[in-house]
K.L.:
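Take a look at this one; I'll ask things after.
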2 protein chains.
Amino acid sequence: MASIKDVAAGAGVSVATVSRVLNDHPSVSADARARVLAAVDALGYRPNAVARSLRTDQTRTLGLVISDVLNPYFTELARSVEEEARALGYSVVIGNADERPDLQDHHVRTLLDRRIDGLLVSPTDGGSPLMLDTVRAGTPMVFVDRWIPGVDVPVVRADGRAAVRDLVAHLHGLGHRRLAIIAGPAATTTGSERVEAFRDALREYGLPLPDAYIGQGDFQAASGRRVTEEFLDLAEPPEAVFAADNLMALGALDAVRARGLRVPDDIALAAFDDIPWFVHTDPPVTAIAQPTPELGRAAVRAVVDRIEGRPPRSVTLPATLVVRRSCGEPPAPDTRQANVTQRSNP
Amino acid sequence: MASIKDVAAGAGVSVATVSRVLNDHPSVSADARARVLAAVDALGYRPNAVARSLRTDQTRTLGLVISDVLNPYFTELARSVEEEARALGYSVVIGNADERPDLQDHHVRTLLDRRIDGLLVSPTDGGSPLMLDTVRAGTPMVFVDRWIPGVDVPVVRADGRAAVRDLVAHLHGLGHRRLAIIAGPAATTTGSERVEAFRDALREYGLPLPDAYIGQGDFQAASGRRVTEEFLDLAEPPEAVFAADNLMALGALDAVRARGLRVPDDIALAAFDDIPWFVHTDPPVTAIAQPTPELGRAAVRAVVDRIEGRPPRSVTLPATLVVRRSCGEPPAPDTRQANVTQRSNP
DNA sequence: CCTCCTCGTGGAATCGATTACATGCACCTG
DNA sequence: CAGGTGCATGTAATCGATTCCACGAGGAGG
């Protein structure tokens, strides 16, 4: 592979001049520039990013550690992150934590070793020592979707409280009174927060949220299946189940179908995170949609602000309820409430 | 950030000794080793991978350029690739081409600039000059899923011919005679190959495949929708549609529903690539399943073989038909054929 | 007791870039 | 015409590791 020395030799100049041309430094003669460019072309020379990074102490790379690549929500997030980063001249290295704190630490460590310029994380837990040290060391970092309480890092996320309230109103309006939730890990903010929002909304309607109706999941399909089976085994099973993410909703669907029961006739189902497939499931699933691409873009802008010395800002965007058929017949259009979107086709 | 010099100073030895300890070179005294390790610990030292890469000319990183991150098939592939790579001590940098040759080239170039040790590609086109140059330059490379004909690079993929034949048998058995296909881009092997397999299988049953029944898609949902609308507008619409990937099947489902028609009563649907959601769509979709995780693992082993000087092998694994309800009532269990799997729940 | 190995260690070159500093030349100004 | 200014360029240090080579100490063998 040709190096800057080869180019210098080919153009009959010093490596310094070649470097100046490459970084378009003003003080290079037109003649020298032309010869260098010709040599670059002839040799098919491309600067070695590794060497450049070592010298300049910046890699123009962002690390993104997500909780689960198989979750379409995170996949969409990753896509928008990469897109925005590319627009700003950064590359993205994705690490998939698979909801495992140890894997998350592994990726953080690897990314740090690679000297990425900034880190985007949606933490799978309450903050490992490594994560805390990383923040303390001053690594530019931003939390996306989930965050770690008490850590001074900007957070980019969607606020689902209003949408959860809309959902409970929707369920209540359809006559459901026994409402249950499949929660995510309590160590994650989205895990506990969605339960809180749900509990608060229920209180507004004077409905209880007994412990038996709070199933402990881990954001993966299998746990949604397990929890739903437990719900169905109760003496008094819930009339409606709210899954805190889309994969657990998939698992719930599995469990319901395995019992030979039907959604929404036998049990209603709703999910946090909307995905294209929910339009075509049997039945179409009512879900809370996050402005995922916007979140990704905002997160990238926040880290890059931090990296380039500007003050980064936390961003919170609203999530919205998308009513479909999985909770029962949707209300007639004229009775529908503000912030409740009615969608049939994408 | 502490460097090897700081460690050397802390341990009272030279940087050479520190390096030897870190790479556990045999000739270091127990005493020196202990002091170095203590200093490493005290400083929280981590070797700078950038510097190490520059010197050793290897990054222990693999590049993976996939056609579309939003496609669950590629997402699953990416996951297994990362997993196997990690097991072998490599990191993976993913580039998402979004089915765009220009983006694909962008990622290949960036990855090459970063001096990744090897490249895994599922090409979105017939081979750009850059791609060809990269192969010619001797960069360890392996094609996954799709490949570029005439290029001497190992290919890891699934062979769907037998499964396509099984699918046509299944459709024929259900009485369907007018069969159409939503193809992928002709520039991709999976685009043209699946059409070929479909055409060959139809021939075995004496069925024609008129041009009007070959819709040109691009592996994305929108094109599946468009092509399906065109099919439905025909004077004699097909009785069954085979989508060459899962996203186009999603689009087809959209189009059918938008017309107020039903699958499979009004039109049958099948897809290449099975995904968990197909169990829960309305109706559950009959699909051809690839051994995706195995493909990812095999691909990684192939590039790593190449990187580490062993001869890499191409790998072809069989795909299998998974019958669900989207083509009509499945045959009674006793009439089902070899290689045809019947699945209801995952 | 001298020579030769082996072992542990440090010095210094090296990877491929960037960049501070020095140099030489042309041109402008008083 | 002397001196100053500014531009184009080259030399060399530097980033943080790895690794070749040299060197001294100590043990084995003749």
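The model shown is predicted, which means the values in this text are computed figures rather than measured ones. Note that these values count all heavy atoms, side chains included, but never hydrogens, waters or copies made by symmetry. Below, chains carry the letters A, B, ... as their sequence lines are ordered, and counting in each starts from 1.
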K.L.:
Are A/Asp145 and A/Tyr73 linked by a side-chain donor-acceptor pair shorter than 3.5 Å?
P.N.:
yes
K.L.:
Residues in side-chain contact (heavy atoms from CB on, under 4.5 Å) with A/Arg297, at least two apart?
P.N.:
A/Glu84, A/Pro293, A/Glu294, A/Arg301
K.L.:
List the protein contact pattern of nucleotides 5-18 of chain C with one symbol per nucleotide (5' to 3'): B for base contact, S for sugar-phosphate-only contact, - for none; contact means a heavy-atom distance under 4.0 Å.
P.N.:
---BBBB-BBBBBB
K.L.:
Is it true that A/Ser53 and A/Thr59 share a donor-acceptor pair across their side chains at a distance under 3.5 Å?
P.N.:
no
K.L.:
Might you point out which heavy atoms bring B/Arg146 and B/Thr189 nearest each other, and give the distance in Å?
P.N.:
CA-OG1, 3.3 Å
K.L.:
When rounded to the nearest 0.5 angstrom, what is the spacing between OG in B/Ser128 and CG in B/Asp133?
P.N.:
8.5 Å
K.L.:
Under 3.5 Å, is there a donor-acceptor pair linking the side chains of B/Glu99 and B/Thr124?
P.N.:
no
K.L.:
Which angle, rounded to 10°, do you find between the first-five-pair axis and the last-five-pair axis of the helix from C/dC1-D/dG30 to C/dG30-D/dC1?
P.N.:
60°
K.L.:
Between the side chains of B/Thr61 and A/Arg114, does any donor sit under 3.5 Å from an acceptor?
P.N.:
yes
